[in-house]
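Take a look at the structure below.
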Number of protein chains: 2
Amino acid sequence: MALKHAILVSLAEKAASGYDLARRFDKSLGFFWQASHQQIYQLLAKMENSGELAAELQAGTGKPGRKVYRLTDAGRRALHEWTREPTPTEQPRSEFAVKIRGMNFGDPTAVRLDIERQREAHRARLAYYLAEAARNYPDPEALDAARLPPYLVLRGGIRTETGYIAWCEEMLELLDRDPAHPTPTRQEKP
Amino acid sequence: MALKHAILVSLAEKAASGYDLARRFDKSLGFFWQASHQQIYQLLAKMENSGELAAELQAGTGKPGRKVYRLTDAGRRALHEWTREPTPTEQPRSEFAVKIRGMNFGDPTAVRLDIERQREAHRARLAYYLAEAARNYPDPEALDAARLPPYLVLRGGIRTETGYIAWCEEMLELLDRDPAHPTPTRQEKP
DNA sequence: ACAGACATGTAAAGTGTTACATGATTCA
DNA sequence: TGAATCATGTAACACTTTACATGTCTGT
């Protein structure tokens, strides 16, 4: 149940409502873990029930009622114990790679266009990560212990995207060399 | 339902039983998609029911009874149509990255050791992929259209593992530089 | 005789996605 | 007044993992 641990980490950084957490999962926390608000609200309730979180209601301040969660001692303990466990080595899971593998049983030209689409999408994501890095970590050498871990994760994102783009470019090049996978000629509009 | 498409791709390459497919998901098909035999048997039954697959029983040949599945025309059509659809751009999902991010709320020394463990696991996987590449694709320039796609996927695996290892090394280096994350001194056995 | 590979399945629990549902506040 | 954002939730469905269950064949 890694979502639970992602929530523990995020609340250890700063107390938050379910809504806040959902926003964080759209941002930096979401580089390597995603969650919808539906999942989050349910798990928050469960974790409050099990005593790992405590909620404080902020009602009547003008805005709609917020339930702000923070870690209890039990929650902090659970988080600490989790960091001591070895992480199972993950295999990536990519529908795109499956499609590459099956390209000859379908429409190779369409798959080639899909490779270009993927490359563009990952270029955009890389640009975003690089901008975040420049904005939040202009001097990585000088980072203190507290700010180092999020930077390390961002570096992972940058490496992942860079590698993905290079893979797409390599595939396009190899497909271009192969006469059975002709480059689609595009209609130039005058 | 990407597992369905992974099965369609694999059966398009060669007809197989559920057991065979489970073996393939342990091997090259599994570089980017995993599935257990439990999942496979259930989905095969469902796909036979929906007319995308046809099964042939091979009983009494001495070995226990095998049900060999192959694509029907409807299955081939479904596969073809799927290759024409753009693939949704995936975000990676990594419990390990979450743990990095939370390292300061737990045991940083244990997480550092976990980084080393991950690096070793990915080094081993990279070595395996490189051996596969050398064995099956000694001359990538000369690959024909039919054998190019699995090679492209293997290249993706090699890139992914290489990037992961480099990320681990970068993290270890940055952690070593930081006095708040001391390198654990190991007891040398004389 | 026993271990290990071959071979196929069911059931239950856990996790994740999609659809549905509601209501307040803020800004144009 | 209407759209966007803030804010929380339920329900149904899809997918994955883990546990249970059974029986054959091959080699030692």
Side-chain angles (χ1 to χ4, degrees), chain A residues 1-8 11 15-27 29-30 32-50 53 55-69 82 87-95 98, chain B residues 1-8 11 15-27 29-30 32-50 53 55-69 82 87-95 98:
Chain A
M1 211 199 299
L3 175 55
K4 178 177 129 171
H5 298 116
I7 288 176
L8 286 174
L11 292 181
S17 69
Y19 189 86
D20 296 334
L21 282 171
R23 291 300 116 277
R24 291 188 196 169
F25 277 103
D26 289 339
K27 294 198 176 67
L29 191 58
F32 284 109
W33 204 270
Q34 299 87 50
S36 60
H37 77 271
Q38 291 92 332
Q39 253 184 301
I40 291 166
Y41 284 119
Q42 295 223 341
L43 194 48
L44 283 174
K46 198 173 149 193
M47 288 165 78
E48 186 186 0
N49 230 283
S50 74
L53 302 182
E56 188 197 351
L57 266 141
Q58 292 182 338
T61 61
K63 294 208 174 179
R66 282 162 52 84
K67 254 166 103 175
V68 176
Y69 291 88
W82 174 66
T87 313
T89 305
E90 296 136 359
Q91 282 275 110
R93 189 168 264 234
S94 164
E95 182 175 349
V98 174
Chain B
M1 214 198 299
L3 176 55
K4 178 177 129 172
H5 298 116
I7 288 175
L8 287 174
L11 292 181
S17 70
Y19 189 85
D20 296 334
L21 281 171
R23 292 299 115 269
R24 292 187 196 170
F25 276 103
D26 290 339
K27 292 195 177 65
L29 191 59
F32 283 109
W33 203 269
Q34 298 87 48
S36 60
H37 77 272
Q38 291 92 332
Q39 252 184 300
I40 291 165
Y41 284 120
Q42 295 223 341
L43 194 48
L44 283 173
K46 198 174 149 193
M47 288 165 78
E48 187 186 1
N49 230 284
S50 74
L53 302 181
E56 189 197 351
L57 264 142
Q58 292 183 338
T61 60
K63 294 209 175 178
R66 282 161 52 83
K67 255 168 103 173
V68 176
Y69 292 89
W82 175 66
T87 313
T89 305
E90 296 136 358
Q91 282 275 109
R93 190 168 263 236
S94 163
E95 182 174 348
V98 175

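Here is the naming used below: chain letters follow the sequence lines, and residue numbers restart at 1 for every chain.
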Q. Which distance, rounded to the nearest 0.5 Å, do you find between the CD1 of I7(A) and the CG of L44(A)?
A. 5.0 Å
(Q) Could you go through L21(B) and Y41(B), starting from their C-alpha distance and side-chain angles, then the distance that decides it, and tell me whether this counts as side chain to side chain contact (heavy atoms under 4.5 Å, CB included)? (A) CA-CA 9 Å; L21(B) 281 171; Y41(B) 284 120; over 6 Å; no
Q) Separation of Q91(B) atom CD from dT17(C) atom P, in whole Å? A) 12 Å
Q | Distance, rounded to the nearest Å, where I7(B) contributes CD1 and dC15(D) contributes P | A | 12 Å
Q: Could you work out which one of dT8(D), dT16(D), dT18(D) sits closest to the side chain of L3(B)?
A: dT16(D)
Q: Check the distance between dT5(D)'s P and D20(A)'s CG and give it to me in whole angstrom.
A: 16 Å
Q: Indicate whether OP1 or OP2 belonging to dT8(D) is found under 4.0 Å from a side-chain N or O atom of Y19(A).
A: no
(Q) Is there a salt bridge (charged side-chain N to carboxylate O under 4.0 Å, His left out) between D20(B) and R23(B)? Walk through the geometry before answering. (A) CA-CA 5 Å; D20(B) 296 334; R23(B) 292 299 115 269; over 6 Å; no
Q: Kindly say if S17(A) contacts the phosphate of dT8(D), meaning a side-chain N or O under 4.0 Å from OP1 or OP2.
A: yes
Q. Y69(B) has an atom OH; how far is it from atom C1' of dA7(C), in whole Å?
A. 12 Å
Q | Nucleotide dC6(C), atom P - distance to CG of L21(B) in whole Å | A | 15 Å
Q) What is the distance, rounded to the nearest whole Å, between atom CG of L43(A) and atom C1' of dT17(C)? A) 15 Å
(Q) Counting the atoms with a prime plus P, OP1 and OP2 as sugar-phosphate, which does Q34(B) contact under 4.0 Å by heavy atoms, base, sugar-phosphate, or nothing? (A) nothing
Q) With respect to the phosphate group of dC15(D), does any side-chain polar atom (N or O) of K4(B) fall under 4.0 Å of OP1 or OP2? A) no
**Q.** Among dT10(C), dA7(D), dT17(D), the nucleotide that comes nearest once only the side chain of Q42(B) is considered
**A.** dT10(C)
**Q.** Of the listed nucleotides dT10(C), dT8(C), dT17(D), the one nearest the side chain of K67(B)
**A.** dT8(C)
Q: Rounded to the nearest angstrom, tell me the gap between atom CD in E56(B) and atom P in dA7(C).
A: 15 Å
Q) Which whole-number value in Å describes the distance from K46(A) NZ to dG16(C) P? A) 11 Å
Q. Taking side chain as C-beta onward, heavy atoms only, is L29(A) less than 4.5 Å from V98(B)?
A. no
(Q) Is R93(B) close enough to dG16(C) that one of its side-chain N or O atoms is under 4.0 Å from OP1 or OP2 there? (A) yes
Q.
From the set dT16(D), dG16(C), dT10(D), return the single nucleotide nearest to any side-chain atom of Q38(A).
A. dT10(D)
Q.
Show, in sequence, the C-alpha distance, side-chain angles and deciding distance for M1(A) and L43(A), and conclude whether the side chain to side chain contact (heavy atoms under 4.5 Å, CB included) test is met.
A. CA-CA 10 Å; M1(A) 211 199 299; L43(A) 194 48; 4.0 Å; yes
(Q) Please pick, from dT18(D), dG9(C), dA7(D), the nucleotide with the shortest atom-to-atom distance to any side-chain atom of Y41(A). (A) dA7(D)
(Q) Quick check for you: among dA11(C), dG9(D), dA7(C), whose closest atom lies nearest to any side-chain atom of H37(A)? (A) dG9(D)
Q) Counting side-chain heavy atoms from C-beta on, which of dT15(C), dT8(C), dT17(D) comes nearest to Q39(B)? A) dT17(D)
